[in-house]
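Here is the structure we will look at, set down as structure tokens.
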Amino acid sequence: MWLLSVVIVAGHGENNGQEEAQQQRVFLHEHFTAPVPTTGLLYPRESETREVRKLDGMWRLLISQPSDPLQGVREKWYDDSLHKTGLEIIPMPVPASYNDITTEKLRDHVGTVWYERTFFVSRDWEENRRTWLRFGSVHYEAVVWINGQNAMSHIIGHLPFEADISNILSFGGENRITVMCDNRLTNHTVPQGQVSTVKTDSGETPIQSYTFDFFNYAGIHRSVHLYTTPLVHISDIAISTQLSSDQVGRIDYRIWLDGSTENSTMQPTHVLVQLRDSDGVVAAQQVNRAVYNGTLLVPGAKPWWPYLMHPEPGYLYSLEFELFVSSDEGDDGDEVLDAYRLPVGIRTLSWTHTSLLLNGKPLYLRGFGRHEDSDIRGKGLDNALLARDFNLIKWVGANAYRTSHYPYSEESMQFADEHGIMIVDECSAVNIDIFEPELLSNHMSALEQLIHRDRNHASVIAWSVANEPRSFKMGALSYFQALVNYTRSIAQGRPLTAAINASPDPPKQCHLAALLDIVGFNRYNAWYQNSGRTDMIVNLLTEEAQRWHQNFGKPVILFEYGADTMEGLHSLPAYIWSEDYQVALFSQHFKAFDKLRKQKWFIGEFVWNFADFKTAQTYTRVGGNKKGVFTRSRQPKEVAHILRWRYFALAKELDRVPLPKHLSLYISSSVNGNGHARTEL
Ligand code: GCB
């Protein structure tokens, strides 16, 4: 690592709008240690050789003193039930963020909390298998003990982690699981934040601050699985797919095995790989004896298509891997050691300097930036919410969303595959600044873990390496060169993008855009810039998009535009924060998009945001960010109907999709020939 000795004085102060000078060191990230590649972590699925149990439900929670977050580690609270500490224990649901569950204390807690529950494991699980404990996500840092023994630890929220806990479990008896969860963000975490101490009326207390615009919810956010595998088992799978012009599908696969057994009759001899269509009929198969990678060819394959691009979107096959040990009695006596089934969509993804193509067809993305966020649960996984959100996405006619600003649940990724919703998959690097080596290494790890987790999803069409980094700063150049070079080496056939808010031109020109495959930018014309001026959108937006394309020669997407809107607030003429203003602002953006679409390199429009969401407390946010097209309880604002009209009109124009029957309301027989003019409300 070569540290320049110069000290750069850079403009800074996005947090409170005041420009304050900040001194920053600039690093040349020439030598860095790439993350150790993630292994394992296949999503837990039942099969004839695997059992899966969830440890979701009501856990117990202890809140550490913010002034002494590591007291529990020093005093070994994990050695016994948390009740033994004599401190207050409260019930806490899993999965959920803990912040909005109680009526006091917890919402703005800074530091650690301790979760605990007990569970039983049957004696049957002791023989010839391994038992794994897997967390879908704990934000931000987690340390896990089973029966007082350290089982695993993990940093970076929104990502899964697991460990084989067979050796520390009590089979046929009660087990205790203890999780310490720390929500503190620093300059080196992804995302970044700062903890400082303030003097309150009752003394000093630590507070957490951050520049990103969503609440730093924390806790055990996704399901906790307990599952078994055979001693020797399939530990990991990577696939990539292609579709030829004559409809021959190709699946390249690789599997990894893990574990050993002293019993030689239990050593795997071959793998049977079978691809089954949605009726269960075998479409291709292969027996693999020596190596664990291969290729399946699927004549007449049914491709994976996005929603509204094909009558049967989201078509998935089941790719079955069965690990066998041969018996001397011949094939009939072969024993299945392990079986795992992976849903697989067959499609070709490619890109040029002007287009992103799926199965050879240029894509036009219409969708949203979103958040995993809801009342009470915060960022906790909620299947009811997930199903509702996908119903709304389809109702509005969107075909894509960006997982702004962190990886979303694995369950939502599976849903996207099944429904044909395309995903721009973003890692948790939001608003990064101060480009130090420790940040780079965590940022690389965030991307490595994300790509490892999501590489087999047909829905993933791009990796977003960051949202609104301070990419115009001098320190950003070598940082992003290192980051992008590394990410490209593990990108699994997807283009790299980012949501940029720096400028396409000097003096605040973005240092990242030139390194990407697709340039995405966020721009709030008539909101943060020129508030109230919906007559200052079309030219500014079209000119800026053109600058991005001219300067960097890449396809361009607008990843964010929008206006905060209080549901039920109306104003004629339109005034900011009213529903009327949101409608007017969107409509002007649509004009700009249509101009831009004529230039083939403009490949997508994403609204900010799908739904209202919670943020930290600030005087610019009324109960949170209100730029949702839907309210936080997932009901449409007026603009949702307008957006629906546009998204379906695009689907009609681009893919000849018939408009939904009740898109517009009957007004009068003299309007528009058929009497339908206004969108249905
Ligand atoms: C942005 C950010 C997003 C914010 C949004 C806003 O540019 O990417 O996280 O929520 O602006 O509404 O200010």
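What you see below is based on every heavy atom in this structure, not just the backbone, and it leaves out hydrogens, waters and symmetry mates.
Partners of D382 by salt bridge (Lys or Arg N to Asp or Glu O under 4.0 Å), not counting sequence neighbours, listed by chain and number: R377. Remark: H139 pairs with H158 by the ring pair (Phe, Tyr, Trp, His ring centres under 6.0 Å) rule, at least two apart or across chains. In this structure, R366 has no salt bridge (Lys or Arg N to Asp or Glu O under 4.0 Å) partners at least two apart in sequence or on a different chain. Applying the side-chain contact (heavy atoms from CB on, under 4.5 Å) criterion to S587, with sequence neighbours excluded, gives no partner residue. For W304, there are no ring pair (Phe, Tyr, Trp, His ring centres under 6.0 Å) partners, not counting sequence neighbours. Applying the ring pair (Phe, Tyr, Trp, His ring centres under 6.0 Å) test to W463 and every residue at least two apart in sequence or in another chain returns nothing. Taking E141 as the reference, nothing meets the salt bridge (Lys or Arg N to Asp or Glu O under 4.0 Å) condition, with sequence neighbours excluded. For E410, the salt bridge (Lys or Arg N to Asp or Glu O under 4.0 Å) criterion is met by R134, not counting sequence neighbours. F521 meets the ring pair (Phe, Tyr, Trp, His ring centres under 6.0 Å) test with W548; sequence neighbours excluded.
Classified by interplanar angle (parallel below 30°, tilted 30° to 60°, perpendicular above 60°), the ring pair Y479/H29 is perpendicular. Between Y524 and Y528, the ring planes are perpendicular. Angles over 60° get that label, and only those under 30° would be called parallel.
Listed by first and then second residue, the salt bridge (Lys or Arg N to Asp or Glu O under 4.0 Å) pairs that reach into residues 557-566 are R402-E560, D564-R621, D564-K627, sequence neighbours excluded. Among residue pairs with one or both ends in residues 481-493, those qualifying as side-chain hydrogen bond (donor to acceptor under 3.5 Å, both in side chains) are R488-D517; sequence neighbours excluded. Evaluation of the salt bridge (Lys or Arg N to Asp or Glu O under 4.0 Å) test over residues 450-463, restricted to residues two or more places apart or in two chains, returns D236-R455.
A centroid separation of less than 6.0 Å is found between the aromatic rings of H405 and W608. Centroid-to-centroid, the aromatic rings of Y401 and F606 stay 6.0 Å apart or farther.
Salt bridge K614/D373: absent, no basic N to carboxylate O contact under 4.0 Å.
T211 places a side-chain heavy atom less than 4.5 Å from the side chain of R470.
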Intermediate values then yes/no, side chain to side chain contact (heavy atoms under 4.5 Å, CB included), Y406 and H371: CA-CA 9 Å; Y406 38 80; H371 266 296; 2.8 Å; yes
Test side chain to side chain contact (heavy atoms under 4.5 Å, CB included) applied to V519 and F559, step by step: CA-CA 9 Å; V519 171; F559 270 139; over 6 Å; no
Worked verdict on D594 versus K591 for salt bridge (charged side-chain N to carboxylate O under 4.0 Å, His left out): CA-CA 5 Å; D594 281 353; K591 271 188 208 158; over 6 Å; no
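Cation-pi check for R370 over Y408 is not met; the charged atom does not lie both under 6.0 angstrom from the ring centroid and within 45 degrees of its normal.
Considering E544, E605, E468 in turn, E544 is the only one that fulfils the salt bridge (charged side-chain N to carboxylate O under 4.0 Å, His left out) rule with R523.
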